[in-house]
Amino acid sequence: MTTPFPFTAVVGQDDLRLALLLNAVSPAVGGVLVRGEKGTAKSTAVRALSALMPEVAVVAGCRFSCDPATPDPACPDGPHEAGAGSERPARMVELPVGASEDRLVGALDIERALAEGVKAFEPGLLADAHRGILYVDEVNLLHDHLVDLLLDAAAMGASYVEREGVSVRHAARFLLVGTMNPEEGELRPQLLDRFGLTVEVAASREPDQRVEVVRRRLAYDDDPAGFAARWADEEAAVRARIVAARELLPSVRLGDGALRQIAATCAAFEVDGMRADIVMARTATALAAWAGRTDVLAEDVRQAALLALPHRRRRNPFDAPGLDEDKLDETLEEFSGEGEGDEDPDPDGPGGGGGQPPSEGPQADGGSGARPEAGEGGEPQPSGAGSGEQSAVRASAPFRTKVLSVPGIGEGAAGRRSRARTEHGRTTGARRPRGALTKLHLAATVQAAAPHQRARGRSGPGLVVRRDDLRQAVREGREGNLVLFVVDASGSMAARQRMSAVKGAVLSLLLDAYQRRDKVGLVTFRGSAADVALPPTSSVDAAAARLETLPTGGRTPLAAGLLKAHEVLRVERLRDPARRALVVVVTDGRATGGPEPVALAGRAARLFAAEGVASVVVDCESGPVRLGLAGQLAGELCGTAVTLDELRAESIAGLVRDVQGGSKRRAA
């Protein structure tokens, strides 16, 4: 078994370590979401936490980790009698991003269920994680159907497995810890709210601290067991402190003054619902217990707000999470002094301040320097406005757009845009399984097995089912697409200050792509060439940031923009062949620069038409005299042309139908 990196040997990352320790003290806090750039010890710290968790008492032989003091009366391995059990270390179960539904919730033996009517159940990861830690690395890339199952289990504290009338239920209460790199896409709001705390991490810019990180990592890689042994005393001390804090936790008093500060803070930051208030109260209580105190102080409330509110405050999807600390201090000051337990403690009292993680232990001088600055979500920042003739303009306010979808039925990643054959959705038919059976079509299976019952010697009530009888349900749902924006940033677009409205429209489409779980890419063209401003990515907010700094000016190399987009699609097909593309060209249709620019743009457009790529041209032409060039471009693409006004959701109802009409013209 691999020796984990010691938790106390992690350099810096004070907020991350504190958030994890608070959940170890009080699992009711609700878990931690760790956001930050790659290579910042996110996974290392989470995996190291499991070694500090106190052991759990379990019923001997129970696959579902029932507590012997209060066994689950509905446990599939039960019933259990209350009594003495055995102790084992708390588990940390990792959920792979590409896991199947059966791997997460468990699987039933379909053949035995049909033939014998028994519930032959194999537990999944949720059962393994019960009373332990469920860790999801790259949680923002988790498929939607797995997210739905996690949400159900987190809300109900139990997992339900339903297979055509056969039902199994077991307890599933776990500490949910997720890590993510915001550059790869954001998290669904429903799952985001299920995390009690969130932490932003970034690599330190202090040379001494970076040196110490490298030194410790090299020492660990050379001799993991020896390195862990050098930190054993510090690990034992933190483990003992967690146990002591757990014992003290029921005695911690949350006074009316602290409660009023919590309620006022949540109201001031306009968080949705009441979960934020509850999480803040639990976090502040855990902070006091971790500090060895029985009263919750204002400093605990402040630290709890910094950990529990950033991902819950109302914000636009493209805004980086964070909290205005000046506003927080003003709110706490306004509601201070109301109730007991708000006096400052002795700074040298037991346990130190509530907001301090454990000491660094040996070689602590390398990790006790300046704390790394909190990141802004890790989004890549553009390099500047470039050499355009006109500086960037701000986008107008976004609006709700009509749904643009790719015609036909795909088989891409789960999402919410276009029709696709998926593991979830409405059943549209049945087929023989290709590989492992995942979704049984009961009626088709019975129909296939029924004619052979006499030949198979059936004598009892059970149906004699063979593997060849099983039928896979064919289901139709929705997929996410690659939405590739090709944006005209030439001088003609800058005329009459149209670029602000254009950026607002693209921002609106990006918001729609964010909600529909699409990948996005951004190609811009102006002057004499086209650039890939953003390669295809799941980070929609990164695309919004690039759009915001996009300058305008120069000629209109429309053909270059289309050819660059065509090349991006070609490369992306090799990386992700199942994901279908929707090309959104935002232009007034003018083409200038070089010999025969209009004819060249037409030939480039026909490349997309020949390959059947779905496309929409957003016509940005304005003024009393219009040339209709964008409409001509849409014709060459065999796509659809819409104006900026028609793009709004409340305008034309037939936009999706028009896009599909372009597909029919291609077929003709």
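Between the R478 side chain and the R417 main chain, a donor and an acceptor come within less than 3.5 Å of each other. Judged by distance alone, with hydrogens and angles left aside, the side-chain atoms of S508 form no donor-acceptor pair with the main-chain N or O of P398 at under 3.5 Å. Distance alone, capped at 3.5 Å, places no donor-acceptor pair between the K519 side chain and the N481 backbone. Using modelled atom types, one side-chain atom of R312 and one backbone atom of G196 make a donor-acceptor pair closer than 3.5 Å. Checking side-chain atoms of R216 against main-chain N and O of V214 turns up no donor-acceptor pair under 3.5 Å. Panel note: side chain R517, backbone R416; no donor-acceptor pair is recorded below 3.5 Å. Looking only at distances, a side-chain donor or acceptor of E621 sits under 3.5 Å from a matching main-chain atom of L627. Of the possible polar contacts, none joining the R648 side chain to the T401 backbone as a donor-acceptor pair under 3.5 Å is found. Q13 contributes a side-chain N or O that, together with a main-chain N or O of T40, makes up a donor-acceptor pair within less than 3.5 Å. Here the side chain of Q209 pairs no donor or acceptor atom with the backbone of E206 at under 3.5 angstrom.
Taken to the nearest 0.5 Å, the CG atom of D518 stands 9.0 Å off from the OG atom of S538. The CG atom of L600 sits 9.0 Å away from atom CG of L562, with the distance rounded to the nearest 0.5 Å. The CD atom of E212 lies 14.0 Å from the CZ atom of R217; values are rounded to the nearest 0.5 Å. Rounding to the nearest 0.5 Å places CG of L482 at 8.5 Å from CG of L582. Expressed to the nearest 0.5 Å, how far CZ of F608 lies from CG of L637 amounts to 7.0 Å. Between R580 atom CZ and S418 atom OG the span is 5.0 Å, to the nearest 0.5 Å.
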Checklist entry - Would Q303 and L18 count as a side-chain contact (heavy atoms from CB on, under 4.5 Å) if you check the C-alpha gap in whole Å, the side-chain angles of each, and the deciding distance to 0.1 Å? => result CA-CA 10 Å; Q303 183 67 65; L18 178 63; 4.0 Å; yes

Checklist entry - Could you go step by step and tell me if L644 and V618 meet the side-chain contact (heavy atoms from CB on, under 4.5 Å) rule? => result CA-CA 6 Å; L644 289 174; V618 180; 3.6 Å; yes

Next on the checklist: Go through it in stages, so that I can follow the logic: the residues are L197 and L33, the test is side-chain contact (heavy atoms from CB on, under 4.5 Å), and I'd like the CA-CA distance, side-chain angles, deciding distance and then a yes or no.
Outcome noted: CA-CA 6 Å; L197 311 179; L33 174 65; over 6 Å; no

Item to check | Trace of the side-chain contact (heavy atoms from CB on, under 4.5 Å) decision for R419 with S405 | outcome: CA-CA 8 Å; R419 295 171 59 199; S405 65; over 6 Å; no

Item to check | Trace of the ring pair (Phe, Tyr, Trp, His ring centres under 6.0 Å) decision for H311 with F195 | outcome: CA-CA 9 Å; H311 61 303; F195 286 97; 7.7 Å; no

Next on the checklist: Does E479 form a salt bridge (charged side-chain N to carboxylate O under 4.0 Å, His left out) with R579? I'd like the steps, not just the answer.
Outcome noted: CA-CA 8 Å; E479 67 176 359; R579 190 181 291 269; over 6 Å; no

Item to check | Residue pair R47, E94: steps toward the salt bridge (charged side-chain N to carboxylate O under 4.0 Å, His left out) verdict | outcome: CA-CA 9 Å; R47 293 189 176 102; E94 294 196 38; 2.8 Å; yes

Checklist entry - Passes salt bridge (charged side-chain N to carboxylate O under 4.0 Å, His left out), D588 versus R590? Steps please. => result CA-CA 6 Å; D588 57 9; R590 291 179 172 85; 3.1 Å; yes

Checklist entry - Given D619 and T643, is the side-chain hydrogen bond (donor to acceptor under 3.5 Å, both in side chains) satisfied, shown in steps? => result CA-CA 5 Å; D619 186 358; T643 65; over 6 Å; no

Next on the checklist: Let's go through R573 and D576 carefully: what are the C-alpha distance in whole Å and the side-chain angles of both, what is the deciding distance for salt bridge (charged side-chain N to carboxylate O under 4.0 Å, His left out) to 0.1 Å, and is it a yes or a no?
Outcome noted: CA-CA 5 Å; R573 285 193 199 101; D576 193 356; over 6 Å; no

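Across all non-hydrogen atoms, the minimal contact from G631 to A641 is CA-CB, 4.1 Å. Closest approach of L507 to A544, counting heavy atoms only: CD1-CB, 3.8 Å. The two atoms that bring A565 and V523 nearest to each other are CA-CG2, 4.3 Å, heavy atoms only. Smallest separation of non-hydrogen atoms from P535 and V532: N-CG1, 3.7 Å. For the pair A19 and L307, the tightest heavy-atom approach, listed with the atom from each and the gap, is CB-CD2, 4.4 Å. Taking every heavy atom of both residues into account, L16 and A41 meet most closely at CD2-O, 4.1 Å.
Within the 4.5 Å cutoff, the side chain of S396 has no heavy atoms near those of the K503 side chain. By the 4.5 Å heavy-atom criterion applied to side chains, L484 and L569 are counted as neighbours. By the 4.5 Å heavy-atom criterion applied to side chains, Y135 and L95 are not counted as neighbours. Counting heavy atoms from C-beta outward, T265 and L328 have side chains that approach closer than 4.5 Å. When side chains are defined from C-beta on, L306 does not count as touching L309, because their heavy atoms never get closer than 4.5 Å. Residues D193 and R275 form a side-chain contact, since some pair of their non-hydrogen atoms from C-beta on lies under 4.5 Å apart. Residues K42 and V201 are in side-chain contact: their nearest non-hydrogen atoms beyond the backbone lie under 4.5 Å apart. Contact of the V483 side chain with the L509 side chain is not registered, since no non-hydrogen atoms from C-beta on lie closer than 4.5 Å.
With 3.5 Å as the limit, one finds a donor-acceptor pair spanning the side chains of D137 and T179. A donor-acceptor pair shorter than 3.5 Å can be found between the side chains of T556 and S490.
Each of L534, L510, V568 was evaluated against L522; a single residue qualifies, L534, per the side chain to side chain contact (heavy atoms under 4.5 Å, CB included) test.
A salt bridge does not link E567 to K564: none of the charged nitrogens lies less than 4.0 Å from a carboxylate oxygen. Using a cutoff of 4.0 Å between basic side-chain nitrogens and carboxylate oxygens, R421 and E476 are not scored as salt-bridged. For the pair D531 and R526, the salt-bridge criterion is not met [side-chain N within less than 4.0 Å of a carboxylate O]. Checked for salt-bridge contact, R302 and E325 meet the test: a charged N lies under 4.0 Å from a carboxylate O. Using a cut-off of 4.0 Å between Lys/Arg side-chain N and Asp/Glu carboxylate O, E330 and K327 are scored as not salt-bridged.
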